[in-house]
Amino acid sequence: MKKYLSFITALCCVITLSACGSKNKSTITAPDGKLDPCSLRFSWWGGDDRHDATLKAIDLWNKIHPEISITPEYGGWDGWTEKTVSQIGSGTEPDILQINYDWLVTMSSDGNGFYDLGSLDQFLDLSGFSDDVLSFGTVGGKLNAVPVSLSGRGLFYNSDVFDSLGVKYPRTWDELSDLGSVFSENSLYPLDLDIQSGSTAWYFSVVYVQQKTGKQFITMDGELGFSEEDIKCALDFYKKLENEHVIRTVSARTDEDGNAALYQSAEFISGKIAGVLEWGSAVGKYESVLPQGELEAGPFLTDENGNSGGWMIKPSLMYTISKNTEHPDEAAEFMNFLLNNGDCAEVLGTSRGIPASRYAEERLEKSGKLTGPAQDSDEMLEKLDTVTISPYMELSRMKEFYNTAIEKVSYNTADTETAAHELYDSMTKYLEKMRK
């Protein structure tokens, strides 16, 4: 991910973002420079692969620091933001939290929503992180969070299915479209995109239009960069994927999967769905439900001229400490363990992506664990002219707007022109509100 960092420096100025972040005054427990016996809560979301690895890491911590117990709190992504917002609103959040990139906009717009990690340098070693990486978590001059990894969404395919059909992974958008007819003859799909909280379908469409136009969907300071016509183009592209049998319709996905996430879907596990678009930091949950080595990273799609622009990167996950914790030193020591400890790095592997900490990455490289689809996708992504995702693109309300538009187009309750107009209007008004 090192080559991405030229895109990050703008964030130092940008994340003074004004929004509805917490500005409540509270008494902050100052660090006392020593570790005391205590109990800490640590929360995260993810798939079973991340849960299993993190629980093993906590077991390792307990052997080193039996006097500082860690209570794990974990679950799936859907509903996790709402749960955390409720906890923070009532002052009952865990001591250490895994947070998403956009949460700094909504939960700490002035830098006072989380603990200032810069004051915990006695126990939190940041020497393995570049200033550019740390700028992602800096708000109003305060280090609110440390990126665990940098990541982008890549394409991952079931190699057995592709081999059985005698087809190669697509390299261009046109090649992807052409696969629809081949897979349709066998009642299969080369790819699928969901409209759950990850808004994968809209993300893919945005990449297509960004590559086509050279525009950025939403700027780093929260301005809408797409015109209404650009949004229509994105919706036209999505509808084309459905019509050409590249992906399932929303109706088909709902009928076959219900509320199950795609990696839990029988359609994916059985091979009927042969490809997914996923963050490199989260692809392990797809990898774990297939035979070892079956899931492979595919090329990032380009246009017919080889233009590979438009693909996006961001901090995939970040760690922060609650401003309400009564044990800041101990929380910092545990965060340091998660980020930098070599033995912990081997236990966690790439369950949260390729580590941003130089120390953790070097340990994984030395032990031969920087392999597999996440690493392969990461290496391909480094060679692209990537775009840093605006934190505003990831806001929960924005994702609701995207998914509503996709759903209307998929169910044919609105044409792409009408849906584009409604989406443009909703996003423009909401972004203006969030920037105030």
Got a list of side-chain donor-acceptor pairs under 3.5 Å for residues 269-280, not counting sequence neighbours?
from   : atom 1 : to     : atom 2 : distance (Å)
Ser270 : OG     : Ala266 : O      : 2.8
Ser270 : OG     : Glu267 : O      : 3.3
Lys272 : NZ     : Glu256 : OE2    : 3.1
Lys272 : NZ     : Glu267 : OE1    : 3.3

* **Smallest separation among heavy atoms of Arg41 and Asp95, with atom names** => N-OD2, 2.9 Å
* Asked: Hey, are the side chains of Pro94 and Gln87 touching, using non-hydrogen atoms and a 4.5 Å cut-off?
  -> yes
* To do: Any chance you could lay out the side-chain contact (heavy atoms from CB on, under 4.5 Å) test for Phe337 and Ile64, step after step, and finish with the verdict?
  => CA-CA 10 Å; Phe337 169 79; Ile64 301 172; 3.8 Å; yes
* **Glu82 atom CD, over 12 foreign heavy atoms within 6.0 Å** => yes
* To do: Take atom CD of Glu326 as the centre, draw a 6.0 Å sphere, and report whether it contains more than 12 heavy atoms from other residues, nucleotides or ligands.
  => no
* Kindly say whether the aromatic ring centers of Phe114 and Trp103 come within a distance under 6.0 Å. => no
* To do: Answer yes or no: are there more than 12 heavy-atom neighbours, outside Tyr74 itself, under 6.0 Å from its atom OH?
  => no
* Would you please indicate yes or no on a ring centroid separation below 6.0 angstrom for Phe42 and Trp44? => yes
* Structure fact -> Taken to the nearest 0.5 Å, the spacing of Leu339 CG from Asp125 CG works out to 9.5 Å
* **Check against ring-ring contact (aromatic ring centres under 6.0 Å, His included), Phe334 and Tyr319** => CA-CA 11 Å; Phe334 180 66; Tyr319 288 145; 8.2 Å; no
* Asked: Is there a side-chain contact between Lys83 and Trp45 (heavy atoms, below 4.5 Å)?
  -> no
* When you look at Lys369 and Gln375, which way does the side-chain contact (heavy atoms from CB on, under 4.5 Å) test go after all the steps? -> CA-CA 9 Å; Lys369 291 192 174 183; Gln375 174 68 4; over 6 Å; no
* Asked: Strictly under 6.0 Å, is that where the ring centroids of Tyr169 and Phe156 end up?
  -> no
* To do: Please confirm whether Phe162 and Tyr157 have ring centers closer than 6.0 angstrom.
  => yes
* Asked: Centre of Phe204's six-membered ring, under 6.0 Å away, within 45 degrees of the axis: is that where NZ or CZ of Arg153 sits?
  -> no
* Asked: Under 6.0 Å from the CZ atom of Arg171, do we count more than 12 heavy atoms belonging to anything else shown?
  -> no
* Asked: Is Val207 close to Met312 at the side-chain level, that is, under 4.5 Å between some pair of heavy atoms?
  -> yes
* Using the side-chain hydrogen bond (donor to acceptor under 3.5 Å, both in side chains) rule, take Ser127 and Tyr359 through it: C-alpha gap first, then chi angles, then the decisive distance, then the call. => CA-CA 9 Å; Ser127 62; Tyr359 305 127; 2.6 Å; yes
* **Phe268 vs Tyr263, ring-ring contact (aromatic ring centres under 6.0 Å, His included): CA-CA, chis, key distance, verdict** => CA-CA 6 Å; Phe268 172 75; Tyr263 75 95; 8.6 Å; no
* **Ionic contact status for Arg358 with Glu361, cut-off 4.0 Å** => no
* Over 12 foreign heavy atoms within 6.0 Å of NZ, Lys212 -> no
* Structure fact -> Heavy-atom closest pair (Asp303 atom, Gln211 atom, distance to 0.1 Å) is N-OE1, 2.9 Å
* State, yes or no, whether a side-chain contact exists between Leu143 and Leu126 at a heavy-atom distance under 4.5 Å. => yes
* Asked: Where do Ser90 and Thr92 land on the side-chain hydrogen bond (donor to acceptor under 3.5 Å, both in side chains) test, with the steps shown first?
  -> CA-CA 5 Å; Ser90 61; Thr92 59; 2.8 Å; yes
* Asked: Who passes ring-ring contact (aromatic ring centres under 6.0 Å, His included) against Tyr115, sequence neighbours left out?
  -> none
* Arg248 and its side chain to side chain donor-acceptor pair (under 3.5 Å) partner, picked from Thr254, Asp192, Asp194 -> Asp192
* To do: Run the salt-bridge test on Arg435 and Asp221 with the 4.0 Å N-O cut-off and return the result as yes or no.
  => no
* Asked: Taking 4.0 angstrom as the limit, do Glu394 and Lys314 come out as a salt bridge?
  -> yes
* Hey, are the side chains of Leu104 and Met318 touching, using non-hydrogen atoms and a 4.5 Å cut-off? -> yes
* Salt bridge flag under 4.0 Å for residues Asp36 and Lys34 -> yes
* Under-4.0 Å salt bridge between Asp116 and Lys323 -> no
* Heavy-atom neighbours of Asp255 CG exceed 12 at 6.0 Å -> yes
